[in-house]
Amino acid sequence: MIDLMDVLERHSLWLESAGKEGERADLREANLRGADLSGANLRWANLRWANLRGANLRGATLWDAAGDNRHIKSLQCGTYAVAYTAEALQIGCKQFPIEDWWGFDDKKILRMDGKGGLMWWKNWKPILQKIIEVSPAEPTGWRGED
């Protein structure tokens, strides 16, 4: 059995030290059922085949995380890593509810990442919408307070 807090602490240290200390989180096949991962920095973490049923992923950083392809889906779209759950979409380091992303106007995207980001968004938005439509992430089933 893994000590999740220890893994996340070592992973945080690994991220902060640019890989010189700590250790990248390898949670492949880990049983994270019901785990509270809210606000956890899972950047670069490997979550493939992890059991995330009932896990709280609200506010977790998923940038460049290898998702479990069930509750966390991840892909590379041109210059940006993209990860999404049933509720949230993270593009690069920006994470918002999926519906918020679909409603952002050009000015909002321009403020986020300039002209290059806006051009990327204009190309990738309809593709991401279709990907999420045909391959949605499953809710974890977490039932917490808002």
Side-chain angles (χ1 to χ4, degrees), residues 1-102 104 108-144:
M1 183 161 184
I2 64 166
D3 180 346
L4 183 58
M5 293 308 295
D6 183 56
V7 170
L8 293 177
E9 285 174 16
R10 285 185 283 129
H11 183 69
S12 181
L13 183 60
W14 180 79
L15 289 170
E16 292 168 9
S17 70
K20 294 181 178 141
E21 298 179 51
E23 182 178 335
R24 179 181 176 191
D26 186 353
L27 296 166
R28 279 178 297 187
E29 300 182 44
N31 184 0
L32 302 174
R33 187 179 185 113
D36 184 1
L37 297 169
S38 61
N41 188 347
L42 299 173
R43 183 175 185 200
W44 293 101
N46 186 347
L47 296 159
R48 288 190 176 113
W49 305 292
N51 179 356
L52 294 167
R53 180 151 320 273
N56 178 1
L57 297 170
R58 184 164 287 170
T61 300
L62 303 173
W63 187 9
D64 290 324
D68 69 342
N69 205 30
R70 184 173 176 194
H71 302 102
I72 300 172
K73 304 227 177 178
S74 53
L75 56 151
Q76 184 70 36
C77 298
T79 56
Y80 291 98
V82 174
Y84 63 96
T85 66
E87 298 86 23
L89 172 61
Q90 181 152 344
I91 300 173
C93 63
K94 306 289 187 189
Q95 184 183 118
F96 298 98
I98 293 170
E99 292 307 313
D100 287 3
W101 277 106
W102 303 156
F104 289 155
K108 175 80 173 177
I109 300 297
L110 195 60
R111 282 192 306 271
M112 276 189 220
D113 204 29
K115 290 180 184 177
L118 179 58
M119 287 177 49
W120 183 92
W121 182 241
K122 286 181 179 235
N123 288 325
W124 283 97
K125 178 182 178 182
I127 297 167
L128 289 171
Q129 287 174 314
K130 192 64 171 176
I131 289 170
I132 292 172
E133 175 189 327
V134 300
S135 184
E138 293 179 26
T140 65
W142 177 73
R143 297 181 196 268

Within a strict 4.5 Å, meaning less than it, do heavy atoms of the [X] and [Y] side chains meet?
X      : Y      : answer
Ile91  : Trp124 : no
Asp100 : Leu89  : no
Leu128 : Trp121 : yes
Leu52  : Leu37  : yes
Lys94  : Trp101 : yes
Ser38  : Asn56  : yes
Leu15  : Trp44  : yes
Glu21  : Glu16  : no

Which pair of non-hydrogen atoms, one from [X] and one from [Y], has the smallest distance, and what is that distance?
X      : Y      : value
Thr85  : Ile98  : O-CD1, 3.5 Å
His11  : Arg43  : NE2-O, 2.6 Å
Ala81  : Asp64  : CB-OD1, 2.9 Å
Ala50  : Leu27  : CB-O, 3.5 Å
His71  : Pro139 : CD2-O, 3.5 Å
Met112 : Phe96  : CE-CE1, 3.7 Å

### Query
Leu32 pairs by side chain to side chain contact (heavy atoms under 4.5 Å, CB included) with which of Leu47, Thr140, Leu57?
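Only match with Leu32 under side chain to side chain contact (heavy atoms under 4.5 Å, CB included): Leu47.
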### Query
Does a sphere of radius 6.0 Å around CH2 in Trp120 hold more than 12 heavy atoms from other residues, nucleotides or ligands, not counting ones at 6.0 Å or beyond?
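Count over threshold, so yes.
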### Task
Identify, with sequence neighbours excluded, every residue that meets side-chain hydrogen bond (donor to acceptor under 3.5 Å, both in side chains) alongside Asp26.
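Asp26 satisfies side-chain hydrogen bond (donor to acceptor under 3.5 Å, both in side chains) with Arg28 once adjacent residues are dropped.
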